[in-house]
Amino acid sequence: MKTDELILYRNVQDQQLFAAMERLLEGDGTAEECFSCANQLIELAANFGFQGNLYHCFLAFCLASHENAYSTACEIAGPAGGSLEILARHDLAVFRELFSQDIRILDRNGENVWSLIADYQAAGRSGRVFNRRIRDRILSLAKALEQAETMEEFQGEVTQFYKEFGVGKFGLNKAFRIVEKDEQALIEPITSIEHVYLKDLVGYELQKKKLVENTENFIQGKDANNVLLYGDAGTGKSSSIKAILNEYYDRGLRIIEVYKHQFKALSSVLEQVKDRNYKFIIYMDDLSFEDFELEYKYLKAIIEGGLGKKPKNVLIYATSNRRHLIRESFRDKRQLSDDELHANDTVQEKLSLVARFGVTIYYGAPDPKEFKKIVVTLARRRGITMAEDELLLKANQWELAHGGLSGRTAAQFITYLLGQEE
């Protein structure tokens with residue numbers, strides 16, 4: 001088979017389906033294999049939101065998701081040049097031949113299965129894995145590749161995709177988590193992200209401005225600081241970071257969520273992302289440590305002070321309800337304790353973690369006037385037409401019974417009102 005001759009693009013996504021489709025189109029597959037391949041293409045369409053020629057969509061997806069020497073080089077600099085360019089042309093010629101094949105020849109005995117798959121109409125909803133922008137770009141790549149008239153045009157479309165969107169999981173997703181398996185730290189995509197933007201967050205304009213300025217410098221390759229967002233619960237700290245991701249995703253920003261029990265894996269994570277053409281935020285939500293928890297020492301070493309240099313394309317953004325992150329006791333404040341001769345060293349050890357965040361942003365609970373503004377703004381955005389006096393009276397009653405003044409309480413109150421209308 002031609003696919004056995006691939007050099008750079010070996011072991012593509014869904015390799016079994018990739019090889020089975022080639023066997024079918026060469027006339028070597030079984031009837032059972034034929035229907036199995038049809039089923040897998042339809043399931044891919046449901047997962048990723050594909051439509052049109054599903055086989056072409058699948059081939060485009062294989063190209064878009066395959067990380068190899070050529071695709072990662074194009075991600076950084078565009079056309080790779082040299083021997084790598086020539087070797088890639090050899091592989092892409094195989095893909096071009098696959099694109100030229102008509103899957104409708106697989107219909108036999110009056111069946112119409114493959115004709116439907118060749119012009120598949122989606123069920124009117126987007127896929128469960130990619131956001132619409134990425135899905136649409138893969139669909140346009142598939143269309144461009146099936147229409148390419150020359151090998152140069154075919155390779156140019158692939159190269160442009162890598163340069164514009166990147167390749168593999170970092171190119172096709174915007175948020176990730178760490179999964180530890182067999183003592184290895186694996187970076188896996190998070191496929192469902194809340195679509196919140198900075199304009200959706202009512203108030204906290206100064207806080208958002210500081211966060212945007214730092215992130216903008218980071219995206220532009222200028223010097224930027226690690227950021228700690230601290231303050232009262234429910235004030236929008238985590239939502240602000242999610243909003244930053246959504247605002248800057250199309251400029252190459254990616255986010256990796258890390259929990260404190262995974263801090264030992266941070267060195268491995270940084271090694272995996274340091275040479276990629278993206279900016280990465282290591283996101284730590286609700287960061288705090290008890291006296292007995294020592295994971296903060298790993299974090300301190302990663303941020304600043306370890307032998308390994310933190311990559312320039314990585315920053316750490318953390319949220320916390322505590323200003324100093326590590327719980328302090330009165331014993332720490334004593335100049336001399338029964339069991340420790342240098343108590344001040346303990347205090348400085350704990351305070352030094354916060355000092356490693358160059359930007360600290362305080363999110364305080366709104367005062368009653370600000371709370372009312374949040375409630376009214378959210379209500380009007382969601383189409384609630386209740387008279388303002390009645391709305392605010394109900395909001396005050398709600399916050400007294402549900403956690404006090406905060407943006408989260410206001411949002412929960414609006415959700416409650418919407419539920420009452422249904």
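Nothing here was measured: the structure is a model prediction, and the numbers come from that model. Note: hydrogens, waters and symmetry copies are ignored here, and every other heavy atom, side chains too, is used.
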May I have the step-by-step check of ring pair (Phe, Tyr, Trp, His ring centres under 6.0 Å) for Phe170 and Phe280, ending in yes or no? CA-CA 10 Å; Phe170 294 133; Phe280 291 92; 5.0 Å; yes

Can you see which heavy atom on Tyr278 is nearest to which on Phe165, and at what distance? OH-O, 3.5 Å

Inspect the surroundings of OH in Tyr416 and state if more than 12 heavy atoms from other residues, nucleotides or ligands are less than 6.0 Å away. no

Would you name the heavy atoms of Ile138 and Ala60 that are closest together and state the gap between them? O-CB, 4.0 Å

Just by distance, with hydrogens left out, do Tyr283 and Thr319 show a side-chain donor and acceptor under 3.5 Å apart? no

Taking the side chain as every heavy atom from C-beta outward, state whether Ser71 and Asn68 have any atom pair closer than 4.5 Å. yes

Could you walk me through whether Gln40 and Ser36 pass side-chain hydrogen bond (donor to acceptor under 3.5 Å, both in side chains), step by step? CA-CA 6 Å; Gln40 292 177 65; Ser36 174; 3.2 Å; yes

When every non-hydrogen atom of Val167 is compared with those of Glu75, the smallest separation belongs to N-OE1, 3.2 Å

Would you please say whether a donor-acceptor pair under 3.5 Å links the side chains of Ser240 and Tyr363? yes

Please check this pair: side chain of Lys169 against backbone of Ile187, looking for a donor-acceptor N/O pair closer than 3.5 Å. yes

Is Tyr162 reaching over with its side chain to a backbone N or O of Leu63, donor-acceptor style, under 3.5 angstrom? yes

Using a strict cut-off of less than 4.0 Å between a Lys/Arg side-chain nitrogen and an Asp/Glu carboxylate oxygen, indicate whether Glu370 and Lys373 qualify as a salt bridge. no

Flag side-chain contact, heavy atom, 4.5 Å: Val376 against Leu391: yes

Contact between Val212 and Tyr248 at the side-chain level, heavy atoms closer than 4.5 Å - yes or no? yes

Given 3.5 Å as the limit, does a donor-acceptor pair link the side chain of Arg10 with the main chain of Leu6, or not? yes

Answer yes if the side chains of Tyr317 and Asn214 hold a donor-acceptor pair under 3.5 Å, and no otherwise. yes

Any heavy-atom pair between the side chains of Leu41 and Ile103 that's under 4.5 Å? no

If you measure from CD on Glu43 to CG on Leu17, what distance do you get to the nearest 0.5 Å? 12.0 Å

Do the non-hydrogen side-chain atoms of Ser320 and Leu228 ever get within less than 4.5 Å of each other? yes

Check for a donor-acceptor pair, side chain of His56 on one end and backbone N or O of Ala118 on the other, with a separation under 3.5 Å. no

Quick one: do Arg96 and Glu157 make a salt bridge, cutoff under 4.0 Å? no

So, the side chain of Lys163 versus the backbone of Ile76: is there a donor-acceptor pair under 3.5 Å, distance only? yes

Phe95: ring-ring contact (aromatic ring centres under 6.0 Å, His included) partners, not counting sequence neighbours: Tyr9, Phe18

With ring pair (Phe, Tyr, Trp, His ring centres under 6.0 Å) as the test, would you mind laying out the steps for Phe50 and Phe58 before giving the verdict? CA-CA 9 Å; Phe50 295 156; Phe58 170 64; 8.8 Å; no

So that I can tick it off, tell me whether Glu205 and Lys209 are bridged by a salt bridge, with the cut-off set at under 4.0 angstrom between side-chain N and carboxylate O. no

Neighbour count above 12 (heavy atom, 6.0 Å) for Gln220 CD: yes

Kindly say whether Tyr197 contributes a backbone atom to a donor-acceptor pair with the side chain of Asn246 at under 3.5 angstrom? no

Parallel, tilted or perpendicular: which fits the ring planes of Tyr362 and Tyr230, with parallel below 30° and perpendicular above 60°? tilted

Ignoring hydrogens and angles, tell me if any N or O in the side chain of Lys181 forms a donor-acceptor pair with the backbone of Leu186 under 3.5 Å. no

Side-chain touch Met21/Gln101, heavy atoms, less than 4.5 angstrom: no

In Å and rounded to the nearest 0.5 Å, what is the CG to CG distance from Leu54 to Leu59? 11.0 Å

Can you check whether Asn313's main-chain N or O pairs, donor with acceptor, with Arg276's side chain at less than 3.5 Å? no

Please confirm whether the backbone N or O of Ala80 pairs with a side-chain atom of Glu85, one donor and one acceptor, at under 3.5 Å? yes

Look at Arg137 together with Glu164 and state whether they make a salt bridge at an N to O cut-off of under 4.0 Å. yes

What pair of heavy atoms forms the shortest contact from Phe154 to Leu92, and how long is it? CE2-O, 3.6 Å

I'd like to know if the side chain of Arg177 and the backbone of Val258 have a donor-acceptor N/O pair within less than 3.5 Å. no

Looking only at heavy atoms, which two atoms of Lys312 and Phe218 are closest? And how far apart? O-CE1, 3.6 Å

Establish, from distance only, whether the side-chain atoms of Lys372 and Asn396 form a donor-acceptor pair under 3.5 Å. no

Between Ala142 and Phe99, what is the shortest heavy-atom contact and its length? O-CE2, 3.8 Å

Could you measure the distance from the CD1 atom of Ile282 to the CG atom of Leu315? Nearest 0.5 Å is fine. 9.5 Å

Classify the ring geometry between Trp398 and Phe413 as parallel (under 30°), tilted (30 to 60°) or perpendicular (over 60°). tilted

Non-hydrogen side-chain atoms of Leu98 and Thr3 separated by less than 4.5 Å: yes

Does the pair Arg104/Asp102 count as a salt bridge with the N-to-O cut at 4.0 Å? yes

What do you reckon, is CG of Asp223 surrounded by more than 12 foreign heavy atoms closer than 6.0 Å? no

Which distance, rounded to the nearest 0.5 Å, do you find between the CG of Asp91 and the CD of Gln155? 10.0 Å

Side-chain ion pair, Glu247 and Lys208, N-O less than 4.0 Å: no

